[in-house]
Engineer: 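Supplied in structure tokens, the structure appears directly below.
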Amino acid sequence: MSRILVRNARLVNEGKVFDADVLVAHGRIEKIAGSIDGLNTPVEIDAQGRWLVPGMIDDQVHFREPGAAHKGSMASESRAAVAGGITSFMDMPNTNPATLTLAALDDKKARAAASSAANYGFHFGVSKDNLETVARLDPQQVAGVKVFMGASTGDMLVDDPVVLERLFACVPTVLLAHCEHTPSILHNEARYREQFGDFIPPAMHPLIRDAQACWRSSSLAVALANRFGTRLHVLHLTTAKELELFQPGPLASKLITAEVCAHHLLFDDSDYARLGNLIKCNPAIKTRTDRDALRQALLSGRIDVIGTDHAPHTLAEKNRPYASAPSGLPLVQHALPALFELVDEGVLPITQLVRKTSHAVADLFAIHERGYLREGYWADLALIERLAEPRPVNLDPVLAHCQWTPFQHHRLRHRVTTTIVSGQLAWHDQKLNAHCQGLPLAFNAQRR
């Protein structure tokens, strides 16, 4: 890990924006000062007034390893992530095999240690048969525990009320919930099949996976968490109605928190006409009214963090008819630059964007010494340039293994010029460092 000096940067950290130099040494931030002189550093970067922010910590990704190498891997998707300013990720358990055992968890950690360019953590999965294992988990060994309360199949769908009550009562760490009510979805789908047969238009997706299906499940999750005192984190909110379930205010005072994903802030149901299955995801992208309410909830504090839910599929899979096209989008390379568009548009102050993508994620999951620009903390940094003219996304290669992005026709005014991961130069001047190796995230013991 070489010493790196970043000069003339505009730092965004803990609600403040200020000009400073940053010295990185031995993987950590050694010094932050107005000017750092008299050093002979192997790597010196003149930021030229660009934003320097703590790298995004993505609390929800599906990097597809093991089990779906044709869609992605920890190597490919982590490299796309660092190119997009994401320095750490937490991977979901619905792989093949699913992360339902300690052996499967250890296998994923070993795979990441061998190939991930970003720092990594893993969520443990829940089935109706592994509650004893979940109850005995060491909170320092997992990012969180993920439950699919709907919209899943096989061993990872947990919708039995008795099993859910046992889970909410025994889970030893943060419980993350995907909330959609499967019977409602199936009922809606049957109605549209009667109308369209096997050729349901993709624009029907938010009507099939509608606001009521989300509400019925998320309200149940919140009720269970209140009943059992569970530390609950509800993933990827999509509706204005669900926001009623969450309290505004600082994260530190909450037992129940919420996440919104980049695509639910940046797209709405009018985009199905142009993108079709390319923006098919679960839960669905909904109305512009819902999108605007989600944006406002970031400001009020009803929503605590922003993630991506990066979930790549091949274009061939996405080009199938709606009913057989899989749900999920590849997002890690472009999510943070696209979110900076909200700053330019006056939707979200830059200090709030950094809080929701870095500070709050580190606090929520009690990640040790990451998520902030602080002396002594790990050096996970992203340098963001505001371009003189918006740049078409399709001019640059897509690094995700699937090689497409829902932003392909967008013009973005921001790009990541440098990403530093645990003190290593991971991405600089549009080039990857093939030797960058992310580290395991450390989670503090007292987290529930």
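Counting begins at 1 with the first residue of the sequence. FYI, side chains are in, hydrogens and waters are out, and symmetry mates aren't considered; it's all heavy atoms of this structure. Source: prediction; values computed, not measured.
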Engineer: Spell out, as yes or no, whether a donor-acceptor pair under 3.5 Å connects the side chain of T419 to the backbone of V82.
Structural biologist: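 Pair found, side chain donor or acceptor close to backbone of V82.
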Engineer: Between K31 and V22 (side chain of the first, backbone of the second, donor and acceptor by atom type, cut-off under 3.5 Å), is there such a pair?
Structural biologist: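 No, the answer is negative, given that no donor and acceptor are paired below the 3.5 Å cut-off.
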Engineer: For S115 and A112, indicate whether the former's side chain and the latter's backbone hold a donor-acceptor pair under 3.5 Å.
Structural biologist: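 No; zero donor-acceptor contacts below 3.5 Å.
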Engineer: Kindly say whether M74 contributes a backbone atom to a donor-acceptor pair with the side chain of S78 at under 3.5 angstrom?
Structural biologist: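 Answer holds: yes.
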Engineer: With side-chain contact (heavy atoms from CB on, under 4.5 Å) as the criterion, how do I420 and L425 come out once you've worked through the C-alpha distance, each side chain's angles and the decisive distance to 0.1 Å?
Structural biologist: CA-CA 5 Å; I420 296 172; L425 204 60; 4.0 Å; yes
Engineer: Can a side-chain donor-acceptor contact be found between H428 and T418 if the only test is distance below 3.5 angstrom?
Structural biologist: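 Judged by distance alone, the side chains do pair up.
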Engineer: Let me confirm one number: the CD-OG distance from E65 to S116, rounded to the nearest 0.5 Å.
Structural biologist: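 If I round to the nearest 0.5 Å, the distance is 9.5 Å.
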Engineer: How far does NE2 of H263 sit from CG of L278, to the nearest 0.5 angstrom?
Structural biologist: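 So the NE2 of H263 and the CG of L278 are separated by 13.0 Å.
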Engineer: What I want to find out is whether E369 reaches R374 closely enough, with some N-O distance under 4.0 Å, to be called a salt bridge.
Structural biologist: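 Here E369 does not pair with R374 in a salt bridge, since their nearest N and O are not under 4.0 Å apart.
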Engineer: Considering only heavy atoms from C-beta outward, does the side chain of V305 approach that of L364 to under 4.5 Å?
Structural biologist: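 Result yes, sub-4.5 Å side-chain heavy-atom pair found.
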Engineer: Kindly say whether L232 contributes a backbone atom to a donor-acceptor pair with the side chain of T230 at under 3.5 angstrom?
Structural biologist: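 No; zero donor-acceptor contacts below 3.5 Å.
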Engineer: Report the residue from L237, T238, I185 that forms a side-chain contact (heavy atoms from CB on, under 4.5 Å) with C214.
Structural biologist: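 That would be T238; it is the only one of L237, T238, I185 passing the side-chain contact (heavy atoms from CB on, under 4.5 Å) with C214.
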Engineer: Please check if the number of heavy atoms outside R295 that lie under 6.0 Å from its CZ is greater than 12.
Structural biologist: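 Yes, enclosed.
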Engineer: Can you name the one residue among E317, R64, H313, H401 that meets side-chain hydrogen bond (donor to acceptor under 3.5 Å, both in side chains) with H70?
Structural biologist: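 Option passing the side-chain hydrogen bond (donor to acceptor under 3.5 Å, both in side chains) with H70: E317.
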Engineer: Would F122 and F63 count as a close aromatic pair, with their ring centres under 6.0 Å?
Structural biologist: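 No, too far apart.
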Engineer: Short question: side chain of N130, backbone of G125 - any donor-acceptor pair under 3.5 Å?
Structural biologist: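 Flag set: sc N130 to bb G125 pair under 3.5 Å.
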Engineer: With a 4.5 Å cut-off on side-chain heavy atoms, are D269 and I285 touching?
Structural biologist: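 Result no, sub-4.5 Å side-chain heavy-atom pair not found.
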Engineer: Determine the minimum heavy-atom distance between L373 and V12, stating which atoms define it.
Structural biologist: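 Result for this residue pair: CD1-O, 3.9 Å.
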Engineer: Under 4.5 Å between any side-chain heavy atoms of E244 and W215, yes or no?
Structural biologist: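 Yes; the side chains approach each other to less than 4.5 Å.
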Engineer: Verify side-chain contact (heavy atoms from CB on, under 4.5 Å) between V361 and M90, making sure each step is shown before the conclusion.
Structural biologist: CA-CA 11 Å; V361 191; M90 288 169 263; 3.8 Å; yes
Engineer: State plainly whether the residues R111 and D107 are in salt-bridge range, i.e. N to O under 4.0 Å.
Structural biologist: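 A salt bridge is present here (some side-chain N lies under 4.0 Å from a carboxylate O).
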Engineer: For the residue pair T182 / D159, report whether a side-chain donor-acceptor contact shorter than 3.5 Å exists.
Structural biologist: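 Checked: D159/T182 side chains show no N/O donor-acceptor pair below 3.5 Å.
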Engineer: Salt bridge between R355 and E14, side-chain N to carboxylate O under 4.0 Å?
Structural biologist: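 E14 and R355: not salt-bridged.
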Engineer: How many angstroms lie between CE in M92 and OG1 in T99, if you round to the nearest 0.5 Å?
Structural biologist: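 It is 10.5 Å, given to the nearest 0.5 Å.
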Engineer: If every non-hydrogen atom of G376 is compared with every non-hydrogen atom of R28, which pair is closest and at what distance?
Structural biologist: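 Heavy atoms only, the tightest pair is O-NH1, 2.8 Å.
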Engineer: Does E77 form a salt bridge (Lys or Arg N to Asp or Glu O under 4.0 Å) with K71? I'd like the steps, not just the answer.
Structural biologist: CA-CA 10 Å; E77 309 314 288; K71 298 178 190 283; over 6 Å; no
Engineer: With a 4.5 Å heavy-atom cut-off, do W51 and I350 have their side chains touching?
Structural biologist: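 Yes, at least one pair of side-chain atoms sits under 4.5 Å.
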Engineer: Considering only heavy atoms from C-beta outward, does the side chain of L298 approach that of L348 to under 4.5 Å?
Structural biologist: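 They are in side-chain contact.
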Engineer: Give a yes-or-no answer on whether the side chains of Q424 and Q437 include a donor-acceptor pair shorter than 3.5 Å.
Structural biologist: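 Q437 and Q424 do not have a side-chain donor-acceptor pair below 3.5 Å.
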Engineer: Within a strict 4.5 Å, meaning less than it, do heavy atoms of the L164 and M149 side chains meet?
Structural biologist: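 Yes, side chains in contact.
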Engineer: Applying side chain to side chain donor-acceptor pair (under 3.5 Å), run through S422 and N119 and close with a yes or a no.
Structural biologist: CA-CA 8 Å; S422 295; N119 307 312; 2.8 Å; yes
Engineer: Can you name the closest pair of heavy atoms from L399 and R79 and give their distance?
Structural biologist: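 Minimum heavy-atom contact is CD1-O, 4.0 Å.
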Engineer: Set out, in order, the CA-CA distance, both residues' side-chain angles and the distance that settles side chain to side chain donor-acceptor pair (under 3.5 Å) for T239 and E242, then state yes or no.
Structural biologist: CA-CA 6 Å; T239 72; E242 288 173 286; 2.8 Å; yes
Engineer: Can you tell whether the side chains of K128 and D160 come within less than 4.0 Å, N to carboxylate O?
Structural biologist: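 D160 and K128: not salt-bridged.
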Engineer: Any side-chain donor-acceptor pair under 3.5 Å between E341 and H414?
Structural biologist: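 Note: E341 and H414 side chains meet the donor-acceptor criterion.
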Engineer: What are the two closest heavy atoms between I57 and A362, and how far apart are they?
Structural biologist: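 Reported closest heavy-atom pair: CD1-CB, 4.0 Å.
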Engineer: So, T287 versus D290: side-chain donor-acceptor pair below 3.5 Å or not?
Structural biologist: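 Yes, side-chain donor-acceptor contact under 3.5 Å.
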Engineer: Side chains of H178 and N282: donor-acceptor distance under 3.5 Å anywhere?
Structural biologist: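 Looking only at side-chain atoms, N282 and H178 do not form any donor-acceptor pair under 3.5 Å.
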Engineer: Once you round to the nearest 0.5 Å, how far does CG of L235 lie from NZ of K146?
Structural biologist: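 Nearest 0.5 Å value for the CG-NZ distance: 5.5 Å.
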Engineer: With a cut-off of under 6.0 Å to the ring centre and 45° to the axis, is K109 in cation-pi contact with Y120?
Structural biologist: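 Output no; distance or angle outside limits.
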Engineer: Would H205 and Y272 count as having a side-chain donor-acceptor pair, cut-off 3.5 Å?
Structural biologist: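 Y272 and H205 do not have a side-chain donor-acceptor pair below 3.5 Å.
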Engineer: Is it true that a side-chain atom of Q403 and a backbone atom of V398 form a donor plus acceptor pair closer than 3.5 Å?
Structural biologist: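 It does not hold such a pair.
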Engineer: If you apply the rule salt bridge (Lys or Arg N to Asp or Glu O under 4.0 Å), what do you find for K286 with D268, and how did you get there?
Structural biologist: CA-CA 6 Å; K286 296 186 174 66; D268 62 60; over 6 Å; no
Engineer: Within this structure, what is the CG-NE2 distance for the pair N444 and H368, rounded to the nearest 0.5 Å?
Structural biologist: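 If we round to the nearest 0.5 Å, N444:CG and H368:NE2 are 6.0 Å apart.
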Engineer: Taking the six-membered ring for Trp, are F407 and H334 parallel (under 30°), tilted (30 to 60°) or perpendicular (over 60°)?
Structural biologist: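 Answer is tilted, since the angle falls between 30° and 60°.
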Engineer: Between R216 and E180, does any side-chain N to carboxylate O distance fall below 4.0 Å?
Structural biologist: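 No, this pair does not count.
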Engineer: Just checking, is any N or O donor in the side chain of R231 or T257 under 3.5 Å from an acceptor N or O on the other one?
Structural biologist: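 Yes, side-chain donor-acceptor contact under 3.5 Å.
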Engineer: If you round to the nearest 0.5 Å, how far is NZ of K356 from CG of L353?
Structural biologist: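 Interatomic distance, L353 CG to K356 NZ, rounded to 0.5 Å: 10.5 Å.
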Engineer: Salt bridge between R370 and D380, side-chain N to carboxylate O under 4.0 Å?
Structural biologist: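 Judged by the 4.0 Å cut-off on N to carboxylate O distance, R370 and D380 do form a salt bridge.
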Engineer: Answer whether the closest heavy-atom distance between the side chains of H233 and D59 falls below 4.5 Å.
Structural biologist: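 Contact flag for H233/D59 side chains = yes.
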Engineer: What heavy-atom pair brings L176 and G144 nearest, and what distance separates the two atoms?
Structural biologist: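 Reported closest heavy-atom pair: CD1-CA, 3.7 Å.
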Engineer: Can you confirm whether or not the ring centre of H310 sits under 6.0 Å from the ring centre of H62?
Structural biologist: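 No, they do not, as the ring centres are separated by 6.0 Å or more.
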Engineer: Could you check whether any side-chain heavy atom of V421 comes within less than 4.5 Å of a side-chain heavy atom of W427, counting everything from C-beta outward?
Structural biologist: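 Answer no - side chains too far apart.
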Engineer: Checking the side chain of H264 only, and the main-chain atoms of P283 only, is there a donor and an acceptor separated by less than 3.5 Å?
Structural biologist: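 Side chain of H264 to backbone of P283: a pair is present.
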Engineer: Shortest non-hydrogen contact from P139 to F443?
Structural biologist: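 Nearest heavy atoms, P139 then F443: O-CB, 3.9 Å.
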Engineer: Are L207 and N188 close enough, and set up right, to give a side-chain contact (heavy atoms from CB on, under 4.5 Å), and what steps lead you there?
Structural biologist: CA-CA 7 Å; L207 304 179; N188 293 340; over 6 Å; no
Engineer: For I4 and L381, what are the C-alpha separation, side-chain angles and deciding distance, and is it a side-chain contact (heavy atoms from CB on, under 4.5 Å)?
Structural biologist: CA-CA 11 Å; I4 302 172; L381 315 173; over 6 Å; no
